[in-house]
Amino acid sequence: MINYLAAFATAVTLAISPVIAEAKSFESEQKAVKWVSTSNEAPTLNIQKPIEVSGSPTQYFLSAIERGIMRKTLLKSVKIVQPGRLVESKTLT
Amino acid sequence: MEGQDAYNRIAKQLTPDFVGRFYSSGTNVGLGKGVIFDAIRCPVYDPLTETFLTVESLIYVLTHECDVESENERVFNEELLICPILRLEDLVETYEDELAGELLPSFLSNLGKRNVSRLVFLPPIADVMNFGGVLYLNQITHTHADALQREGTARVCAVTAFGLQHVEFGLENHLLRPKADRLAFASALVG
């Protein structure tokens with residue numbers, strides 16, 4: 001009976017160990033990208049997600065073409081009142 | 001893709017109460033507390049002419065209330081930061097003109113999930129932006145307080161505390177996240 005319990009305990013330990021190791025690794029990775037404020041003042045914003053330096057794995061970064069799309073969309077969304085013109089600084093005084 | 005279809009794709013990623021909790025009429029809400037105006041004159045850079053256009057735009061006021069309210073007798077409270085609001089249907093139309101159509105659904109889904117860096121989605125406002133709009137935080141610009149009083153402008157509404165949190169999270173993530181590179185004297189600042 002004792003041998004049976006010992007074998008069972010070993011099997012459980014072997015089964016669980018890799019999971020724990022993986023969890024620790026994941027946790028340390030999360031800590032590496034979390035922004036921890038060192039200020040003593042109370043936070044004024046409720047941060048809904050950890051702020052990350054380089055973006056989360058799911059972050060969608062706008063491509064150069066998409067940034068151009070945003071610029072063109074702005075011109076489409078607004079009403080142009082007057083085109084731009086260069087003015088000599090002397091005439092502004 | 002029609003504006004309604006685009007909005008539906010985004011809405012699938014939002015919580016059921018997202019839209020209902022986002023806006024208030026803003027009637028008694030002071031300037032600088034998440035107010036939205038229409039037809040506000042502001043500058044937009046035109047790369048073709050290398051000059052700034054004067055435009056009228058639907059805008060979200062970013063400047064904090066303390067710095068713009070007229071009853072506050074302070075210096076430097078005449079200019080305010082604003083962000084133009086891009087109507088979703090305009091964005092969809094331009095996107096389809098410029099990129100392959102199959103990329104658009106992925107873009108919209110990520111926009112709804114708040115995965116798109118620099119963009120904040122605003123839900124629809126009836127008769128103003130029927131399918132919602134987008135703040136592109138790199139298009140933040142400025143205007144003068146008098147531009148809000150000009151004839152022809154309209155005060156649309158204001159965001160609620162919930163809506164404000166949604167916008168400010170985007171701003172904080174965009175403007176205040178730590179730099180990737182370690183800057184000089186950084187170690188002196190860490191407790």
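Reminder, nothing fancy here: chain letters follow the sequence lines and each chain counts from 1.
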Roughly how far apart are A:Tyr60 OH and B:Asn115 CG, rounded to 0.5 Å? 10.5 Å
Using heavy-atom distances under 4.5 Å, tell me whether B:Pro43 contacts chain A through its side chain, its backbone, both, or neither. neither
If hydrophobic clusters are built by linking Ile, Leu, Val, Met, Phe, Trp and Tyr wherever their side-chain heavy atoms come under 4.5 Å apart, do B:Ile10 and B:Phe162 end up in the same one? yes
Rounded to the nearest 0.5 Å, how far apart are CD1 of A:Ile69 and CG of B:Leu91? 7.5 Å
Nearest 0.5 Å, please: how far is CZ in A:Phe61 from CZ in B:Arg118? 8.0 Å
Check this for me: B:Glu2, atom CD, are more than 12 non-hydrogen atoms of other residues, nucleotides or ligands nearer than 6.0 Å? no
Ranking A:Gly68, A:Gly84, A:Ser63 by heavy-atom pairs under 4.5 Å to chain B gives rank one to A:Gly84
Greatest number of non-hydrogen atom pairs under 4.5 angstrom with chain A, of B:Val92, B:Leu99, B:Leu111, falls to B:Leu99
Report the residues that fulfil side chain to side chain contact (heavy atoms under 4.5 Å, CB included) with B:Arg155, sequence neighbours left out, ordered by chain and then residue number. B:Val29, B:Val35, B:Phe37
Rounded to the nearest 0.5 Å, how far does NZ of A:Lys72 lie from OG1 of B:Thr94? 8.5 Å
Nearest heavy-atom pair of A:Ser77 and B:Arg87: which atoms, and what distance? OG-N, 3.5 Å
Look at the side-chain heavy atoms of Ile, Leu, Val, Met, Phe, Trp and Tyr, link any pair under 4.5 Å apart, and say whether A:Leu62 and B:Leu175 land in one connected group. yes
Identify which part of B:Gln139 has an atom lying under 4.5 Å from any heavy atom of chain A, answering side chain, backbone, both or neither. side chain
Consider only side-chain N and O atoms of A:Thr73 and B:Asp90, and report whether a donor and an acceptor are under 3.5 Å apart. no
Pick whichever of B:Thr51, B:Thr54, B:Thr49 has the most heavy-atom pairs under 4.5 Å with chain A. B:Thr54
Okay, B:Phe52 and chain A: the region with an atom under 4.5 Å from a heavy atom over there is backbone
Flag the pair B:Arg41 / A:Val81 as yes when at least one side-chain heavy-atom distance between them is below 4.5 Å, and no otherwise. yes
Where does B:Val44 contact chain A at under 4.5 Å (heavy atoms): side chain, backbone, both or neither? side chain
I'd like to check A:Met70 versus B:Leu86 (side-chain heavy atoms, cut-off strictly below 4.5 Å). Are they in contact? yes
Minimum heavy-atom separation for B:Pro84 and A:Leu74, please, with both atom names. CB-CD1, 3.5 Å
Enclosure of B:Asn28 CG (heavy-atom neighbours >12, cutoff 6.0 Å): no
Using 0.5 Å steps for rounding, measure from the CD atom of A:Glu66 to the CD atom of B:Glu98. 11.0 Å
With a 4.5 angstrom heavy-atom cut-off, could you sort out which part of A:Ile65 is near chain B: side chain, backbone, both or neither? side chain
Under 4.5 Å heavy-atom distance to chain A, tell me which part of B:Leu119 shows up: side chain, backbone, both or neither. side chain
With only heavy atoms counted, which part of A:Arg85 is less than 4.5 Å from chain B, the side chain, the backbone, both or neither? backbone
For the atom pair OG (B:Ser57) and CG (A:Leu75), what is the distance rounded to the nearest 0.5 Å? 10.5 Å
Could you see if A:Ile80 belongs to whatever hydrophobic cluster contains B:Leu58? Use Ile, Leu, Val, Met, Phe, Trp, Tyr and a side-chain cutoff under 4.5 Å. yes
Residues 130-138 of chain B side chain polar contacts: donor-acceptor under 3.5 Å, at least two apart:
residue, atom, partner, partner atom, Å
B:Asn130, OD1, B:Asp127, N, 2.8
B:Asn138, OD1, B:His174, NE2, 2.8

Chain A contacts, top residue of B:Ser106, B:Cys42, B:Pro47 (heavy-atom pairs, under 4.5 Å): B:Pro47
